[in-house]
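All remarks here apply to the structure that follows.
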Amino acid sequence: MPRLGRDPAVSGPVVRGFVGGGFSLDGGVYPALLLTPERADSWEAPPLAELTVEHVAPLLALEPPPEFILLGTGATTVFPPRGLIAELEARGIGLEPMDSRAAARTWSMLRGEERWIAAAIMPLG
């Protein structure tokens with residue numbers, strides 16, 4: 001299993017690697033995740049074309065709001081719905097789409113820098 005680095009001084013969830021088409025975290029493997037600096041939740045991700053702010057509501061409840069949201073779009077990078085981007089921008093929150101493996105690696109790196117971010121990571125397959 002590929003390892004994603006972790007600074008033991010950083011609190012909160014860290015994706016440890018990729019296993020069998022999912023993401024290894026806290027001893028479990030999850031096909032999709034919602035991540036905040038405080039918690040990780042398994043996620044029933046909708047098809048990307050149907051993704052709305054309601055699907056990422058737990059991330060928007062973070063106080064203070066996240067600097068931005070990493071969006072893992074699956075096996076490849078795909079542009080998310082414009083409506084989602086517009087609604088997040090109206091709230092002052094940016095959206096950074098990338099493939100889900102890159103989003104998991106970026107999450108770990110930015111949390112190592114103690115950045116106040118959130119992530120919605122869609123299934124790889």
Side-chain angles (χ1 to χ4, degrees):
M1 157 178 40
R3 299 289 292 180
L4 300 179
R6 177 175 179 159
D7 178 347
V10 175
S11 63
V14 174
V15 178
R16 298 285 189 175
F18 314 108
V19 179
F23 303 93
S24 174
L25 178 94
D26 296 335
V29 177
Y30 306 90
L33 292 166
L34 291 178
L35 299 166
T36 73
E38 300 167 334
R39 61 183 292 150
D41 293 305
S42 182
W43 184 37
E44 290 293 325
L48 182 61
E50 297 172 18
L51 187 63
T52 67
V53 292
E54 288 78 22
H55 294 110
V56 296
L59 306 180
L60 302 176
L62 192 59
E63 279 298 325
E67 296 176 46
F68 58 88
I69 296 173
L70 294 170
L71 176 61
T73 60
T76 61
T77 302
V78 180
F79 201 70
R82 292 198 180 276
L84 173 65
I85 295 168
E87 287 190 59
L88 291 173
E89 285 178 352
R91 297 171 188 230
I93 300 171
L95 186 68
E96 296 292 333
M98 59 191 70
D99 72 75
S100 290
R101 282 187 173 93
R105 288 188 299 267
T106 302
W107 168 262
S108 296
M109 181 190 70
L110 292 175
R111 282 302 300 141
E113 297 173 359
E114 297 186 29
R115 300 284 298 272
W116 194 255
I117 58 171
I121 302 178
M122 301 185 101
L124 294 168

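On a predicted model such as this, the values are computed, not experimentally measured, just so you know. These values consider heavy atoms only, across backbone and side chains, with no hydrogens, waters or symmetry-generated copies.
Tracing side-chain contacts under 4.5 Å through hydrophobic residues (I, L, V, M, F, W, Y), one never reaches Leu34 starting from Leu25; they form parts of separate clusters. Cluster annotation: Trp107 is connected to Leu33 through the hydrophobic network of ILVMFWY side chains, with a link wherever side-chain heavy atoms come within less than 4.5 Å. Side-chain heavy atoms closer than 4.5 Å link hydrophobic residues (I, L, V, M, F, W, Y) into clusters, and following such links, possibly through other members, connects Leu70 to Tyr30. Under a hydrophobic-cluster definition in which Ile, Leu, Val, Met, Phe, Trp and Tyr are linked whenever side-chain heavy atoms come within less than 4.5 Å, directly or via other members, Trp43 and Leu84 are assigned to the same cluster. In this structure, Leu95 is a member of the same hydrophobic cluster as Val78, with clusters built from ILVMFWY side-chain heavy atoms closer than 4.5 Å.
Every residue two or more places apart in sequence or in another chain was checked for a side-chain hydrogen bond (donor to acceptor under 3.5 Å, both in side chains) with Glu63, and none qualifies. Here Arg115 pairs with Glu67, Phe68, Leu110, Glu113, Ile117 under the side chain to side chain contact (heavy atoms under 4.5 Å, CB included) rule; sequence neighbours left out.
Between atom OG1 of residue Thr76 and atom CZ of residue Arg101 there is a gap of 11.5 Å, rounded to the nearest 0.5 Å. Rounded to the nearest 0.5 Å, atoms CZ (Arg111) and OG1 (Thr36) are 8.5 Å apart. Note that OG1 of Thr73 and CE of Met122 are 8.0 Å apart. Values are rounded to the nearest 0.5 Å. Here the straight-line distance linking atom CZ of Phe79 with atom CD1 of Ile85 works out to 3.5 Å at 0.5 Å rounding. Taking CG of Leu60 as the reference point, atom CD1 of Ile93 lies at 5.0 Å (rounded to 0.5 Å).
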So Glu54 and Thr52, side-chain hydrogen bond (donor to acceptor under 3.5 Å, both in side chains) or not? Walk me through it.
CA-CA 5 Å; Glu54 288 78 22; Thr52 67; 2.8 Å; yes
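Here the closest heavy-atom approach between residue Val14 and residue Ser108 is recorded as CG1-OG, 3.4 Å. Closest approach of Glu38 to Pro13, counting heavy atoms only: C-CD, 4.1 Å. For the residue pair Gly72 and Ala103, the shortest heavy atom distance occurs at CA-CB, 3.7 Å. Closest heavy-atom contact between Ala120 and Val56: CB-CG1, 4.0 Å.
Residues Leu71 and Leu51 have side chains in contact (heavy-atom distance under 4.5 Å, counting atoms from C-beta outward). Contact check for Phe23 versus Ser100: side-chain heavy atoms found under the 4.5 Å cut-off.
Not one N or O on the side chain of Trp116 forms a donor-acceptor pair closer than 3.5 Å with the backbone of Leu62. Listed for the Ser24 side chain is no donor-acceptor partner under 3.5 Å among the backbone atoms of Val29.
Here salt bridge (Lys or Arg N to Asp or Glu O under 4.0 Å) pairs that include residues 41-53, with residues two or more places apart or in two chains, are Arg39-Asp41.
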